[in-house]
Amino acid sequence: RFFMLDFPVISFEYSNSLQAINERALNFHRIRLRIEHQLKLKKWGYLDYKIEGGKLWGKVPYPYLNFPIGNQSILNDDVAFNLMNYAEFATDEYIAIQLEHHFEGLILNRLPGINKLKWRLFLLSKTYIGRRLQNKSTQYLSPLTIYNLDKPYFELGFGIENIIKLGRVDFTWRMTHLNHKNIYRFLPKPSFQFRF
């Protein structure tokens, strides 16, 4: 198994517009807090979680809002929401939660024939909860393809990893906001991991 830290990794970010230096600058403040960790669960494998929250104060043009990371490529991105379009949602406060439970060999090692492949099963869940308060209606224009987040966005799925020692395939379903244009409700997406 690859190296796991005993304690969560916590990162904090603060930014502002420095309006005191340039009077024509936008007037905003932004904070972000991120916690990520892998919990060992003995024979049950391990749980990988990432929790991030952020808030923006001030009225700004849409590129300065918080955008969940969408992924419209054919490859899986374990940080992104893989069935969300680029810039599909914009918020000025949010919380994102990503969970992956890796069973290691607990399930697939018990299946005759499959156990020789040494594949590993995992479950995944991703959600993004947010809203646009100060920037719901401003003097700044935004594209019509950006939606307000009226309810939490969810993705659920499972995957198989350790395919030929470096491959992984995620089978993901989009559970909410199914009436948006040009979306996929389900996609399998491969990715590659190099772990030593």
Side-chain angles (χ1 to χ4, degrees), residues 1-13 32-54 66-86 88-89 91 94-130 149 151-178 183-196:
R1 180 77 226 132
F2 57 94
F3 179 70
M4 286 189 184
L5 297 175
D6 291 330
F7 301 100
V9 175
I10 300 173
S11 22
F12 178 78
E13 176 187 320
R32 280 196 181 113
L33 177 67
R34 182 182 178 107
I35 302 170
E36 50 189 313
H37 193 214
Q38 292 171 326
L39 292 173
K40 298 174 190 175
L41 302 173
K42 299 184 180 177
K43 66 179 182 178
W44 296 100
Y46 69 96
L47 176 69
D48 187 357
Y49 69 86
K50 299 177 184 80
I51 302 170
E52 180 178 306
N66 298 308
F67 291 92
I69 302 170
N71 179 19
Q72 291 178 259
S73 76
I74 60 170
L75 294 177
N76 180 67
D77 181 342
D78 62 350
V79 175
F81 293 89
N82 285 293
L83 295 181
M84 184 187 290
N85 293 332
Y86 300 127
E88 185 174 346
F89 300 103
T91 62
Y94 72 95
I95 184 166
I97 303 168
Q98 298 186 9
L99 304 171
E100 280 187 10
H101 184 95
H102 297 256
F103 291 99
E104 296 291 79
L106 180 66
I107 296 173
L108 296 183
N109 276 2
R110 301 182 189 287
L111 301 176
I114 299 290
N115 59 351
K116 294 180 181 178
L117 298 172
K118 299 194 182 299
W119 288 352
R120 303 290 181 250
L121 180 70
F122 63 90
L123 301 177
L124 64 94
S125 170
K126 297 182 179 183
T127 187
Y128 189 92
I129 304 164
L149 204 58
K151 60 185 176 183
Y153 173 88
F154 282 108
E155 287 180 2
L156 295 174
F158 71 94
I160 298 172
E161 58 187 348
N162 201 39
I163 302 170
I164 318 174
K165 300 292 185 189
L166 55 87
R168 164 178 163 155
V169 179
D170 290 42
F171 301 89
T172 310
W173 285 264
R174 177 172 170 147
M175 307 304 291
T176 58
H177 302 88
L178 301 178
I183 63 158
Y184 290 100
R185 295 182 178 213
F186 167 78
L187 268 183
K189 286 193 175 188
S191 62
F192 302 95
Q193 304 169 327
F194 297 95
R195 289 178 176 167
F196 303 99

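The model shown is predicted, which means the values in this text are computed figures rather than measured ones. Positions are given from 1 along the sequence.
Here the CG-CD1 distance, from L99 to I51, works out to 7.0 Å after rounding to the nearest 0.5 Å. Annotation: the span from E52 atom CD to I69 atom CD1 amounts to 7.0 Å, rounded to 0.5 Å. Rounded to the nearest 0.5 Å, atoms OG (S191) and CG (L166) are 10.0 Å apart. From W119, atom CH2 reaches atom CD1 of I164 across 9.0 Å, with rounding to the nearest 0.5 Å. Taking CD1 from I95 and CG from N66, the interatomic distance works out to 12.5 Å, rounded to the nearest 0.5 Å. Here the OG1-CG distance, from T91 to L149, works out to 7.0 Å after rounding to the nearest 0.5 Å.
Nearest heavy-atom pair across K50 and D78 is NZ-O, 4.5 Å. Residue R168 comes nearest to D170 through the heavy atom pair NE-OD1, 2.8 Å, listed as atom of the first residue, atom of the second, then distance.
Remark: K151 engages T176, H177 in a side chain to side chain contact (heavy atoms under 4.5 Å, CB included) (not counting sequence neighbours). The ring-ring contact (aromatic ring centres under 6.0 Å, His included) search around Y153 returns F81, F89, not counting sequence neighbours. Taking F122 as the reference, H102 meet the ring-ring contact (aromatic ring centres under 6.0 Å, His included) condition, with sequence neighbours excluded. Looking at residues two or more places apart in sequence or on another chain, you find a side chain to side chain contact (heavy atoms under 4.5 Å, CB included) between N162 and K118, R120, K165. Partners of F186 according to the ring-ring contact (aromatic ring centres under 6.0 Å, His included) rule, which considers only residues two or more places apart in sequence or in another chain, are W173. F171 is linked by a ring-ring contact (aromatic ring centres under 6.0 Å, His included) to F158, counting only residues two or more places apart in sequence or in another chain.
For the pair L75/P190, a side-chain contact is recorded, criterion being any heavy-atom separation below 4.5 Å from C-beta on. I160 places none of its side-chain heavy atoms less than 4.5 Å from the side chain of V169.
Around CD1 of I74, the count of heavy atoms belonging to other residues, nucleotides or ligands within 6.0 Å does not exceed 12.
Taking the six-membered ring for Trp and thresholds of 30 and 60 degrees, Y128 and Y94 have nearly parallel ring planes, at less than 30 degrees apart.
Here the side chain of E104 pairs no donor or acceptor atom with the backbone of Y46 at under 3.5 angstrom. For the pair N109 (side chain) and I107 (backbone), a donor-acceptor distance under 3.5 Å is absent. In this structure, D77 contributes its side chain and N82 its backbone to no donor-acceptor pair below 3.5 Å.
The pair E155-K189 does not count as a salt bridge, with every side-chain nitrogen at least 4.0 angstrom from each carboxylate oxygen. Salt bridge status for E36 with R34: present, with a side-chain N to carboxylate O gap under 4.0 Å.
Under the side chain to side chain contact (heavy atoms under 4.5 Å, CB included) test applied with L83, the options N71, I183, T172 reduce to a single match, T172.
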